[in-house]
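Quick notes on the structure that follows.
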Amino acid sequence: MNYWLFKTEPEECSIDDFAREPNKAIVWEGVRNYQARNFLRDSVAVGDQVFIYHSSCKLIGVAGIAKVVRAAYPDPSQFNNQSPYFDAKASDAQPRWVAVDLIFVEKLPQLISLDKIKACPEMAGLPLVQKGSRLSVMPVTAQQWQDLLNL
DNA sequence: GCCAACGTTGGC
DNA sequence: GCCAACGTTGGC
């Protein structure tokens, strides 16, 4: 079992959206970065645990936890020309992007803020806090996972 | 809303 | 395959 951190803008999809329908799988679509896609496609597996990180908002940080219930499959939004994630260069035969499905695990009683994460020396290896990193899907070690929850 | 740092695109 | 121009990300 692996651990991950997925970034999201809460206005689009927040931990509260998961909490509202705790038994409904949420399609994690719209990842349009090759490095992030490769993680999704090659390494994210059913049962993996995911930190849901809120970005570009008032309260920036890890807001909760979700779990992978379906591994990578072609991201439906790439074929939908009404979607902001539409990709004209993708086809059924040759999809470019993948999605996974997640389900709610918990909302953290208190958000783990980016400030706190940055201040923690154990988190220095996390791409999230590395200068210039814009990865939206990143691996988290078991140690980092535990340390983060202890913050 | 600014802007630095990245990633992608496309002409050559 | 280089690289300038452009678009995006995401904290501030």
Side-chain angles (χ1 to χ4, degrees), chain A residues 2-20 26-44 48-68 70-141 143-151:
Chain A
N2 286 311
Y3 297 102
W4 304 94
L5 183 148
F6 290 6
K7 288 183 190 171
T8 177
E9 299 189 9
E11 286 183 9
E12 186 157 355
C13 175
S14 82
I15 193 68
D16 293 317
D17 296 318
F18 280 92
R20 204 167 296 127
I26 289 194
V27 179
W28 201 266
E29 61 183 11
V31 171
R32 294 292 180 273
N33 166 281
Y34 287 104
Q35 202 184 347
R37 179 207 62 186
N38 293 346
F39 280 128
L40 276 186
R41 186 188 60 194
D42 304 331
S43 308
V44 173
D48 286 359
Q49 303 261 106
V50 180
F51 278 140
I52 301 299
Y53 173 90
H54 289 173
S55 72
S56 297
C57 59
K58 192 114 186 177
L59 290 172
I60 299 168
V62 173
I65 298 172
K67 187 174 68 177
V68 179
R70 183 179 176 191
Y73 60 97
D75 180 342
S77 68
Q78 71 193 307
F79 307 122
N80 175 7
N81 62 12
Q82 304 301 312
S83 165
Y85 301 124
F86 177 68
D87 185 343
K89 291 180 179 164
S91 65
D92 286 327
Q94 286 194 302
R96 278 189 157 189
W97 309 109
V98 298
V100 299
D101 289 356
L102 301 181
I103 201 166
F104 181 69
V105 173
E106 66 171 309
K107 179 176 179 175
L108 295 178
Q110 189 179 328
L111 176 132
I112 305 168
S113 71
L114 177 59
D115 284 349
K116 258 191 183 171
I117 298 170
K118 277 183 174 167
C120 177
E122 285 79 15
M123 294 302 138
L126 197 62
L128 182 74
V129 297
Q130 280 162 13
K131 186 174 147 72
S133 169
R134 301 195 315 205
L135 254 193
S136 59
V137 170
M138 71 188 74
V140 176
T141 67
Q143 189 65 54
Q144 286 165 342
W145 181 273
Q146 201 50 56
D147 288 343
L148 239 154
L149 286 176
N150 289 335
L151 281 180

Legend entry - First and last nucleotide of DNA chain C, 5' to 3', lying under 4.0 Å from heavy atoms of chain A: C:dG7 to C:dC12
Inset, instruction - Can you see which heavy atom on A:Lys116 is nearest to which on A:Leu151, and at what distance? - result: NZ-O, 3.9 Å
Legend entry - Minimal non-hydrogen separation, A:Ile117 against A:Met123, with atom names: O-CB, 3.5 Å
Inset, instruction - Sort out for me which residue in A:Phe39, A:Phe51, A:Trp28 forms a ring-ring contact (aromatic ring centres under 6.0 Å, His included) with A:Phe6. - result: A:Trp28
Inset, instruction - Please determine if A:Lys67 and A:Asp48 form a salt bridge, counting it only when a charged side-chain N lies under 4.0 Å from a carboxylate O. - result: no
Inset, instruction - To the nearest 0.5 angstrom, please state how far the CD atom of A:Gln49 sits from the CG atom of A:Leu102. - result: 11.0 Å
Inset, instruction - State plainly whether the residues A:Lys118 and A:Asp115 are in salt-bridge range, i.e. N to O under 4.0 Å. - result: no
Inset, instruction - Output the residues of residues 30-44 of chain A in contact with DNA chain C, where contact means a heavy atom of the residue under 4.0 Å from an atom of the strand; sort by number or write none. - result: none
Legend entry - A:Ser133 vs A:Arg96, nearer the 5' end of DNA chain B by closest nucleotide: A:Ser133
Inset, instruction - Mind checking A:Lys58 for me? I need base, sugar-phosphate or nothing, with any heavy atom below 4.0 Å counting as a touch. - result: nothing
What side-chain donor-acceptor pairs closer than 3.5 Å can you find for residues 70-80 of chain A, not counting sequence neighbours?
| unit_1 | atom_1 | unit_2 | atom_2 | d |
| --- | --- | --- | --- | --- |
| A:Tyr73 | OH | A:Asp101 | OD1 | 2.6 |
| A:Asp75 | OD1 | A:Ser77 | N | 2.8 |
| A:Asp75 | OD1 | A:Ser77 | OG | 2.7 |
| A:Asp75 | OD2 | A:Gly30 | N | 2.8 |
| A:Asp75 | OD2 | A:Arg32 | NH1 | 3.0 |
| A:Asp75 | OD2 | A:Arg32 | NH2 | 3.4 |
| A:Asp75 | OD2 | A:Ser77 | OG | 3.3 |
| A:Ser77 | OG | A:Arg32 | NH2 | 3.1 |
| A:Gln78 | OE1 | A:Arg96 | N | 2.9 |
| A:Gln78 | OE1 | A:Trp97 | N | 3.0 |
| A:Gln78 | NE2 | A:Asp75 | O | 3.0 |
| A:Gln78 | NE2 | A:Trp97 | O | 2.8 |
| A:Asn80 | OD1 | A:Gln82 | N | 2.8 |

Legend entry - Minimum heavy-atom distance A:Asp92-A:Pro95, with the two atoms named: O-CD, 3.4 Å
